Amino acid sequence: MANSAKPEELIKREYEHGFVTEIEADTFEPGLNEDVIRRLSKIKQEPEFMLEWRLNAYRQWLEMEEPEWAHVNYPKIDYNAVSYYSAPKKKEDMPQSLDDVDPELLKTYEKLGIPLHEREKLAGVAVDAVFDSVSVATTFKDKLADAGVIFCPISEAVQTHPELVEKYLGSVVPAGDNFYACLNSAVFSDGSFVYIPKGVRCPLELSTYFRINAANTGQFERTLIIADEGSYVSYLEGCTAPMRDENQLHAAVVELVALGDAQIKYSTVQNWYPGDENGKGGIYNFVTKRGACLGDYSKISWTQVETGSAVTWKYPSCVLRGDHSVGEFYSVALTNNYQQADTGTKMIHIGKNTSSTIIAKGISAGRSDQSYRGLVRFAPTADNARNFTQCDSLLIGDQCGAHTFPYIESKHQNATLEHEATTSKVSDEQLFLCQQRGIDPEQAVSMIVNGFCKEVFKELPMEFAVEAGKLLEVSLEGAVG
Amino acid sequence: MLSIKNLHASVEGKQILKGIDLEIKAGEVHAIMGPNGSGKSTLSQVLAGNEAFEITEGSIDFEGQDLSELEIEERAREGIFLAFQYPVEIPGVSNIQFLKTAVNAMRTQRGLDEISAPEFMKLAREKAEQVDLDASFLKRGVNEGFSGGEKKRNEIMQALLLEPKLAILDETDSGLDIDALKIVSDGVNALRASDRAIVMVTHYQRLLDHIVPDFVHVLAGGRIIKSGGRELALELEEHGYGWLGIKDANAEA
Ligand SMILES: Nc1ncnc2c1ncn2[C@@H]1O[C@H](COP(=O)(O)OP(=O)(O)OP(=O)(O)O)[C@@H](O)[C@H]1O
Ligand SMILES: [Mg+2]
């Protein structure tokens, strides 16, 4: 009899973005001390306050212990074996236009399908691209400037808008928040900065693509988005890295600030190199993402599609201070082979009538292990706060794991909380039905997985919903039989 | 069209089919009857290529091809359709998306372009109506929360949509109310064509009042123990399986 594939055999994947770009780079020797931070700050021509902030963070970090509570396993990281800065060699100044960007870099981004050229088909999306430690190009600057929107590398914002940076940097994720965030605060290299003025609806989707290229380099990007009163912005980040046998560290911090009536929609398509099918190599993705709904009626939505990284430790969160503010978390996480992910969210209700929604979809395949960890906290001040949590796991094959760790801390009597959780499996019978109707087994698995993720995909900006669907398909692609 | 010779098949080491011989030509309708557990569904599943079953002896030839060399989906694209006795649910995947993907898989096989969305919708609505399913079923998850009868009608709708060469209907009549039986029978009769064969597994003679078969076979203990025309079903109805010397499902005839 013709043999056909078991579900678990359909999800062997090839990583598409695994190439290395040959590019001349200035890279620091591995190691971390105050001198490294001073050098970094100097290269970036930072004002004094920035250097002080970094050094302060570094001193705190030295006192901190790496957390071990997450449901993940990896060898101890030697932080002195990591290089804390790598930049493509370029002319004296930052590239002023795309013409100044190294053609090799542009080719890299083309391979990644990132539309750096303004004429490309994703017109309507302004892109900032971060390659190793520096931002290499930001598109559509003029159009954004007309609207008063600031969208630039954070290294540039530190110089051009120091007052905004000084006011808000660390205001949501303080330097000493946690081990990785603290390290990031000391050594962050680049990232994006966004400011949307009062009452402005950002005329474009903003997007940043992060790429780790250099070997033995950590990537510590820092993103800060401030939406002033009554403004709106939708922002998307995408991430890829080459295939390397060594693990690489990525410890980013993202801070969002929404003032009264403002709305921030933050979407992530994370596809860092996950390691090979034996669990060799891959990115350690230890990320702190937090948004503060400072003003009344403000809203922050996190939407994430996570398919990459060897180990993920990530909990995009919302602190709902303003009355009637809203926090949302929509997540699809797919792990395969030996990937490990401990991911989820925190919704901290402080203001009155605050509400939050959590929809988390986890897909585990191969020998991967995935945990959802979610915290919902109602402070004594949070009158009439509400949370809805739905947490679904889909298993492919029988060697993977899925775990759920919901934490609820309620100091308030009249809080409303709903929690739903399901676990299901892609069954042989479902696959047989699809195949009996002429559908390829890979396509069938991808269709089932996409169906499972539908509620989250509909939260993504249109173009990226398509991209995310394709990404899952690629991630699920592989050898049959 | 289909030629089954000395077919033996087992599941989990247990021998179920013990030497089936069956010839089916285009344009014919065959009914397969027989006691519970005699191997009717097993035969259907083996034809469709379910790999839970292992062919231990014998052969299946479909239009000159050795079926055992084809994957499940290749058999489907060659025109073998199985209406399941127990259709599974695929939550979250809409019937429309599922059916459109299936139709396009068939079209690609036949060298046709993919069907456009509006064209497909029109076709799907038409077929849904033919089995008296409201168009809202197209939007629901595949079989998700469908009643037993709705699942069966959904299976027939798929047969109408996919236009197979060989349609195997495994107890598509069971669990249907009288009106639904009529609707499903009309659907099956609409499938009848000179270039298409139909194999119906059923327990009930009454289905054969609606869909008159050319041949009736009785399967017992993994073998076809009697074949005949339409009248065989009537005799069975009258005398029961005991008449053929069968005591229970696993009886050796
Ligand atoms: N996956 C399986 N594992 C173990 N035994 C099985 C499996 N599938 C079928 N069988 C056994 O094979 C025999 C034949 O089953 P089959 O479903 O083909 O019968 P059937 O003729 O279709 O019966 P019914 O009229 O009840 O639908 C039964 O004894 C059944 O228990
Ligand atoms: Mg049966």
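Keep in mind the model is a prediction, meaning the values are calculated, not measured. In what follows, every heavy atom counts, from backbone to side chain, and hydrogens, waters and symmetry copies are set aside. In what follows, every chain begins at residue 1, and chains take the letters A, B, ... in the order their sequences are listed.
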Can you tell me which portion of B:Gln158 sits under 4.5 Å from chain A's heavy atoms? Options are side chain, backbone, both or neither.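 Only the side chain of B:Gln158 comes within 4.5 Å of chain A.
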
B:Leu82 portion near chain A, given a 4.5 angstrom heavy-atom threshold: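 Backbone plus side chain of B:Leu82, per the 4.5 Å heavy-atom cut-off to chain A.
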
Of the non-hydrogen atoms in [X] and [Y], which two are nearest, and what is the gap between them?
{"X": "A:Gly438", "Y": "B:Ala105", "answer": "O-CB, 3.0 Å"}
{"X": "A:Phe432", "Y": "B:Gly49", "answer": "CE1-C, 4.0 Å"}
{"X": "A:Lys454", "Y": "B:Gly92", "answer": "NZ-O, 2.7 Å"}

[atom1]/[X] to [atom2]/[Y] distance, rounded to the nearest 0.5 angstrom?
{"X": "A:Asp440", "Y": "B:Ile72", "atom1": "CG", "atom2": "CD1", "result": "11.5 Å"}
{"X": "A:Ser424", "Y": "B:Glu89", "atom1": "OG", "atom2": "CD", "result": "12.0 Å"}
{"X": "A:Arg437", "Y": "B:Glu73", "atom1": "CZ", "atom2": "CD", "result": "13.5 Å"}

Would you check if [X] and [Y] make a side-chain contact, meaning some heavy-atom pair closer than 4.5 Å?
{"X": "B:Phe84", "Y": "A:Glu429", "value": "no"}
{"X": "A:Ile439", "Y": "B:Phe98", "value": "yes"}
{"X": "B:Ile90", "Y": "A:Cys434", "value": "yes"}

I'd like to know which of B:Met106, B:Gln109, B:Gln97, B:Arg77 tops the heavy-atom pair count under 4.5 Å against chain A. B:Arg77

Check for a donor-acceptor pair, side chain of A:Gln436 on one end and backbone N or O of B:Ile80 on the other, with a separation under 3.5 Å. yes

Check whether any side-chain N or O of A:Gln430 sits under 3.5 Å from a backbone N or O of B:Val88 as a donor-acceptor pair, and report yes or no.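 The answer is no, because no donor-acceptor pair under 3.5 Å joins these two groups.
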
Interface residues of residues 142-157 of chain B facing chain A - heavy atom cut-off under 4.5 Å: B:Val142, B:Asn143, B:Glu155

Would you indicate whether B:Glu129, at its atom CD, is surrounded by more than 12 heavy atoms from other residues, nucleotides or ligands within a distance under 6.0 Å?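 No - once you tally the heavy atoms of other residues, nucleotides and ligands closer than 6.0 Å, there are 12 at most.
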
